[in-house]
There are 2 protein chains.
Amino acid sequence: MPKALKTHPTRAAQQALERLEALCLERGQRLTRQRRAVLCQLLAEGRALSAYELLERLRPEDGRSTPAGVYRALESLMQAGVVHRLESTRAFILCEHPEAPHTGQLLICRGCGQVVEAEDARVSAATGRLGERLGFSLDQRVVELTGLCGRCRAPHAAHAQ
Amino acid sequence: MPKALKTHPTRAAQQALERLEALCLERGQRLTRQRRAVLCQLLAEGRALSAYELLERLRPEDGRSTPAGVYRALESLMQAGVVHRLESTRAFILCEHPEAPHTGQLLICRGCGQVVEAEDARVSAATGRLGERLGFSLDQRVVELTGLCGRCRAPHAAHAQ
DNA sequence: GCGGCAACTGATACATTGTATCATTTGTTG
DNA sequence: CAACAAATGATACAATGTATCAGTTGCCGC
Ligand SMILES: [Zn+2]
Ligand SMILES: [Zn+2]
Ligand SMILES: [Zn+2]
Ligand SMILES: [Zn+2]
């Protein structure tokens with residue numbers, strides 16, 4: 001009788017979690033204890049985490065977590081389209097727009113670690129056409145733009161969190 | 001008296017090597033034995049290699065090569081703009097257009113491993129504008145498009161090389 | 001050429017990230 | 001409940017990348 005792991009999410013987070021869980025099921029992924037736990041942690045953290053950072057956070061609640069387990073859970077969640085992997089930082093983050101599966105762009109701030117997910121039509125069109133022009137049929141598009149976000153670039157602004 | 005490593009490049013490769021070496025020097029990188037050796041191997045191989053594949057190939061000629069040494073050489077060559085790192089495969093490849101430092105796009109074939117480097121104005125413009133729109137000042141743009149190249153997609157074509 | 005200094009190297013150890021394997025457990029289906 | 005596929009637990013290992021520090025090398029001005 002494996003009950004859900006104890007977490008204390010806010011009401012909104014709870015709803016977000018349910019929405020993500022529904023999407024996983026719709027897309028043919030079983031939603032198991034480990035997968036739910038990974039989802040919870042990513043939601044609670046609100047930023048990108050490495051697989052081993054996830055593991056650290058899961059261990060206290062489930063001493064049986066292992067690297068392989070975490071990677072397997074992440075694999076399933078990426079399959080379901082609710083998690084993305086950041087290739088340039090080797091981290092994982094919740095999808096911000098999981099309703100429709102998509103090929104997005106990720107903007108990563110060096111300063112605060114913030115990741116913003118975009119779905120820019122011009123970028124998508126341009127990369128698609130580039131593939132065509134060079135005779136490639138693309139099945140994965142990694143677009144990761146790194147720099148400083150507005151807040152981190154502001155000259156002497158108080159660090160408003 | 002560390003003489004240059006023994007390699008037997010073609011005449012054309014030799015010229016390419018000299019051109020790359022000149023660029024490294026122009027851009028303020030010392031061109032040492034290890035760096036030259038890494039450059040040679042990448043040129044000889046003509047495809048992307050992981051740091052440890054490079055190490056395997058360097059060891060026979062220079063038993064003192066170490067992972068740290070290879071990574072340091074690669075770091076310098078990337079600084080000089082003559083080598084790129086493929087984030088999505090964790091490999092390194094010679095730049096095809098090293099004359100002008102650039103933010104290019106890489107197309108990677110799953111079938112044959114071929115990497116094609118592009119400098120598409122529309123993609124560059126679109127990613128640049130996306131960054132601006134979201135208030136980011138970008139300093140790195142990773143655009144890696146993976147799929148099947150024309151040859152690998154050809155239905156029953158003979159494997160013409 | 002020669003001293004002095006910064007950059008680079010060699011050596012070693014270690015840190016991080018990701019997989020393989022296989023016996024066991026769990027969930028679903030009939 | 002039986003049977004089967006999927007997922008897990010446990011363990012070990014593979015692949016990728018860094019830290020440290022003593023010693024060496026290349027460069028620059030004399
Ligand atoms: Zn997304
Ligand atoms: Zn920021
Ligand atoms: Zn290039
Ligand atoms: Zn191909």
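Proteins get letters first, then strands, A, B, ... in listed order; numbering begins at 1 in each.
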For [X] and [Y], indicate whether the former's side chain and the latter's backbone hold a donor-acceptor pair under 3.5 Å.
X        : Y       : answer
A:Arg19  : A:Pro98 : no
A:Glu144 : A:Glu87 : yes
A:Arg36  : A:Leu31 : yes

Among residues 42-50 of chain B, which residues get a heavy atom nearer than 4.0 Å to DNA chain D? B:Ser50
To the nearest Å, how far apart are [X] [atom1] and [N] [atom2]?
X       : N      : atom1 : atom2 : answer
A:Leu54 : C:dT16 : CG    : P     : 15 Å
B:Glu53 : D:dG17 : CD    : P     : 12 Å
B:Leu31 : D:dC27 : CG    : C1'   : 14 Å
A:Leu25 : D:dA6  : CG    : C1'   : 15 Å
B:Asp62 : D:dT25 : CG    : P     : 13 Å
B:Leu86 : D:dA15 : CG    : C1'   : 17 Å
B:Leu74 : C:dC8  : CG    : P     : 14 Å
B:Glu56 : D:dA15 : CD    : C1'   : 11 Å

How far does CG of A:Asp139 sit from OG1 of B:Thr146, to the nearest 0.5 angstrom? 7.0 Å
How long is the straight-line distance from CD of A:Gln105 back to CZ of A:Arg122, given to the nearest 0.5 Å? 11.5 Å
Short side-chain donor-acceptor distance under 3.5 Å, B:Arg141 and B:Thr127: yes
Donor-acceptor side-chain pairing of A:His97 and A:Glu119 below 3.5 angstrom: no
Overall bend of the helix from C:dG1-D:dC30 to C:dG30-D:dC1 (five pairs an end, 10° steps) is 50°
Would you mind telling me which of D:dA19, D:dT16, C:dG18 lies closest to the side-chain atoms of B:Ala68? D:dA19
What's the closest nucleotide to the A:Arg64 side chain, out of D:dG9, D:dT8, D:dG17? D:dG9
Relative to the 5' end of DNA chain C, which residue comes earlier, B:Gln34 or A:Arg90, by the nucleotide with the nearest heavy atom? B:Gln34
Considering heavy-atom distances to DNA chain C, does B:Thr66 or A:Tyr71 have its closest nucleotide positioned more toward the 5' end? B:Thr66
Under 4.0 Å: is that the gap between some side-chain N or O of [X] and OP1 or OP2 of [N]?
X       : N      : answer
B:Arg85 : D:dG17 : yes
B:Thr32 : D:dG26 : no
A:Arg33 : D:dG9  : yes

B:Asp120/A:Arg129 ion pair, N-O < 4.0 Å: no
Let's test your reading of the model: under 3.5 Å, does the base of C:dG10 pair with the side chain of B:Arg72 as donor and acceptor? yes
Using the rule for Phe, Tyr, His and the six-membered ring of Trp, do B:Tyr52 and D:dT16 stack at under 5.5 Å and under 30°? yes
Can you pull every protein N or O that's under 3.5 Å from an N or O on nucleotides 3-5 of chain D?
none

Transitively linked via ILVMFWY side-chain contacts under 4.5 Å: A:Leu77 with A:Leu54? yes
For a 4.5 angstrom cut-off between non-hydrogen side-chain atoms, does A:Glu117 reach A:Cys95? yes
Side chains of B:Gln41 and B:Glu56, heavy atoms from C-beta outward: is any pair under 4.5 Å? no
Can you give me the closest heavy-atom contact between B:Leu148 and B:Cys109, atom names plus distance? CA-SG, 3.9 Å
